[in-house]
**Q** 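Following this message is one structure expressed as C-alpha cells.
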2 protein chains.
Amino acid sequence: MEKRSTLWDRSRQAVVAEIVDKALELFAEQGYEATTMAQVAASAGVSQRSLFRYFGTKEDLVCGEQEALGDLLVATVEAQAPEVSTWDALRAGFTTILTASDHTPQRVLEISTLIFGNPPLRSRYSEKRLRWQRALVPVIEKRMGIESGEIPDARAMGVIATVFACVDAASELWVRHGGKADAFELYEQALAAVRG
Amino acid sequence: MEKRSTLWDRSRQAVVAEIVDKALELFAEQGYEATTMAQVAASAGVSQRSLFRYFGTKEDLVCGEQEALGDLLVATVEAQAPEVSTWDALRAGFTTILTASDHTPQRVLEISTLIFGNPPLRSRYSEKRLRWQRALVPVIEKRMGIESGEIPDARAMGVIATVFACVDAASELWVRHGGKADAFELYEQALAAVRG
DNA sequence: CGACAGATTGGCAGTGACTGACAGGCTGGC
DNA sequence: GCCAGCCTGTCAGTCACTGCCAATCTGTCG
C-alpha cells in the first residue's frame, strides 16, 4: 500500500510536470481564460479525459500543488517548540513553505501573477488556503491553551485568519511590485501595522 | 439618465425578488449544486435566457446583493470623523452593513449557511469582498496618514485584510453555532486575540 | 388613437468545463 | 505466456453561460 511501483509513480510525476509546463506556456501566450482544456490536452499529448483525471479542474493546473504544501505547513507549525509564540510559529510555517518550493523564483512569480491576476483563480486559491486554516485550528488552539471543541474558538480562528490575510496581502503586493520587493518584509510591515 | 420610469424598475425589483425566493427554496430542498438554472428559471416563470440577464452567474443568486452593500461600507468608513481610530471606523462600516440588511435574521442565516456550506459559493463571496477591500485602500491610507500610491501600502492592506478576515471568521462561527451566538461578540473576541 | 424608437424577452444554437460508461492496452505477478 | 488490475482514450451527455435574431412590450410623440 505504501510503496507504489515507483515506475508508474515516476512516469506519472513526469506527465504531470509536462502538462503543467505546457499549460503555463499556453496561459502565458493566450491568457488563462482564453486557453481551453482541449488545447492543454493536445499540447501535452494526452487525451482530454486523462487530463481531467490528473487535474480535476482547470484551476488545479495552476494551484494544484498547494495541496501538498498544506500538510508541510501544519507539520512545521506543530513542530515548533511550545515556548515559541503563536505568531512566530505560524511565521515559521510559512517561511518553511517558501523555501520548500522546488520552483525557480521566476516560476513562482509567474504562477503568482497568474493567480492574483485572475479573480476566479484567486478564489480557488483561497479556497485551498481555507482548508489549511481549518487544519491549523486544533494546533493553534493547543498552543494558545484553549481546549478544542467541535466548533473552533473565535480567538484561534482570528489569529489564523489574520496571518493568512497578511500573507495574502504581502503576496499580492509582491506580485504587483513585479517580484522586486521583499515579500517577507511586506508581511512584517502588514502584521506590524495590525499588532502595533 | 438618473430617473428610470420607476414602473419598470419596480417590476424588475419584484421579478428579482421572486427569482431569489424561488431559488433559495429550491436550494433548501435539493441543495445548491443539485439545483439547475433551468429549474430556477421554470420555477420563477422566466426563460433561462432572462434569468441569466438578471443574474450573470448562479452564484449571484445567493450573493448578488453584496455588490450594493460594498458601496455603503466604503461610504460609511469614509464618513467617520478623523479622530475615530482606523479599527473603529472599519467596525462602524460593518455594523452599518449589518443593520442595513433588509432581510429577516432567519433569511440572513439561511443565506449565510448556504454560502459557508458551499466552497465554490464561499469563493465567489470572498471574491466580491476583495473588491470591497480594494475600494477601501485609499480611504484607510488617508486615515492612517499614508500617501496613496499606485500600489497599496502594506500596512493599510494588512489592517483591511485583517478586519475582513476577522469578520469572516466571526460569520463562519456564527453560522456554525446555528445563529445562536452573538456575531458581534465573536468578532470582538477574534480581533482582541489578534491585537492583544 | 396610432405609429415609432428603445428596451426587454424568449428561443436557439453553440462553447467550454466536467463526468459517467465502456472498451482496449499496458504493467506486474504467477 | 497468462491472468488480474490499473490506466488510457473515445463517446456521449450534463450544465453553466453567451451571442444572435426575431417577437413583444413600454412609453412617447404626432
Side-chain angles (χ1 to χ4, degrees), chain A residues 1-20 22-23 26-27 29-64 114 118-125 127, chain B residues 1-20 22-23 26-27 29-64 114 118-125 127:
Chain A
M1 222 36 131
E2 304 305 309
K3 294 182 62 175
R4 311 283 300 198
S5 54
T6 31
L7 184 78
W8 270 3
D9 229 26
R10 258 176 223 279
S11 82
R12 180 193 163 89
Q13 291 307 102
V15 171
V16 166
E18 170 80 3
I19 292 175
V20 170
K22 297 288 190 181
L26 286 171
F27 293 160
E29 283 174 19
Q30 326 172 332
Y32 175 75
E33 297 245 320
T35 304
T36 73
M37 288 299 265
Q39 285 177 335
V40 175
S43 169
V46 297
S47 79
Q48 205 166 336
R49 194 65 186 83
S50 290
L51 175 58
F52 275 106
R53 272 196 271 256
Y54 283 117
F55 301 88
T57 68
K58 188 180 180 183
E59 286 106 345
D60 280 345
L61 281 171
V62 179
C63 42
L114 210 52
N118 285 82
L121 251 182
R122 179 163 186 181
S123 282
R124 181 75 173 186
Y125 175 70
E127 192 181 321
Chain B
M1 220 41 131
E2 303 306 308
K3 292 182 62 177
R4 311 284 300 199
S5 55
T6 28
L7 183 78
W8 268 6
D9 231 25
R10 256 176 225 277
S11 82
R12 179 192 166 90
Q13 290 308 102
V15 172
V16 165
E18 170 80 3
I19 293 175
V20 170
K22 297 288 189 181
L26 286 171
F27 292 160
E29 283 173 20
Q30 327 172 335
Y32 174 76
E33 297 244 319
T35 305
T36 72
M37 288 300 264
Q39 286 177 335
V40 175
S43 169
V46 297
S47 78
Q48 205 165 336
R49 194 66 188 82
S50 289
L51 175 57
F52 275 106
R53 271 194 272 258
Y54 283 118
F55 301 88
T57 69
K58 189 180 180 184
E59 287 107 345
D60 279 346
L61 281 170
V62 180
C63 43
L114 209 52
N118 285 83
L121 253 182
R122 179 163 187 182
S123 280
R124 181 74 172 185
Y125 175 71
E127 193 182 321

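None of the values given here were measured: they were computed from a predicted structure. Hydrogens, waters and symmetry mates are skipped; everything else that's a heavy atom, side chains included, is used. The sequence lines fix the lettering, A, B, ..., with proteins before strands; numbering per chain opens at 1.
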**Q** Supply the atom-to-atom distance Gln48(B) CD to Gln39(B) CD, rounded to the nearest 0.5 angstrom.
**A** 10.5 Å
**Q** When the distance from CZ of Phe52(B) to P of dT18(D) is rounded to whole Å, what number comes out?
**A** 7 Å
**Q** Over how many whole Å does the gap from Gln39(B) atom CD to dC17(D) atom P extend?
**A** 15 Å
**Q** Atom CG of Leu26(B) and atom C1' of dC15(D): how far apart are they, to the nearest Å?
**A** 16 Å
**Q** Under the side chain to side chain donor-acceptor pair (under 3.5 Å) test, which residues partner Glu127(A), sequence neighbours left out?
**A** Ser123(B)
**Q** Does Ser47(A) have any side chain to side chain donor-acceptor pair (under 3.5 Å) partners at least two apart in sequence or in another chain, and if so, which?
**A** Ser50(A)
**Q** Determine whether Met37(A) and Leu61(A) make a side-chain contact, defined as any pair of heavy atoms from C-beta on separated by less than 4.5 Å.
**A** yes
**Q** For nucleotides 8-12 of chain D, give me every protein contact, N/O to N/O, under 3.5 Å, one pair per line with atom names.
**A**
residue : atom : partner  : partner atom : Å
dT8(D)  : OP1  : Tyr54(A) : OH           : 2.6
dG9(D)  : OP2  : Ser47(A) : N            : 3.2
dG9(D)  : OP2  : Ser47(A) : OG           : 3.0
dG9(D)  : OP2  : Ser50(A) : OG           : 2.3
dG9(D)  : N7   : Arg53(A) : NH2          : 2.6
dG9(D)  : O6   : Arg53(A) : NH2          : 3.3

**Q** Whole angstrom is fine here: how far is it from CE in Met37(A) over to P in dG16(C)?
**A** 13 Å
**Q** Return the minimal non-hydrogen interatomic distance between Phe27(B) and Leu114(B), and the atom names on each side.
**A** CD1-CD2, 3.7 Å
**Q** In terms of heavy-atom contacts, does CD of Glu33(B) have more than 12 from other residues, nucleotides or ligands at under 6.0 Å?
**A** no
**Q** Rounded to whole angstrom units, what separation is found between the NZ atom of Lys58(B) and the C1' atom of dC17(D)?
**A** 12 Å
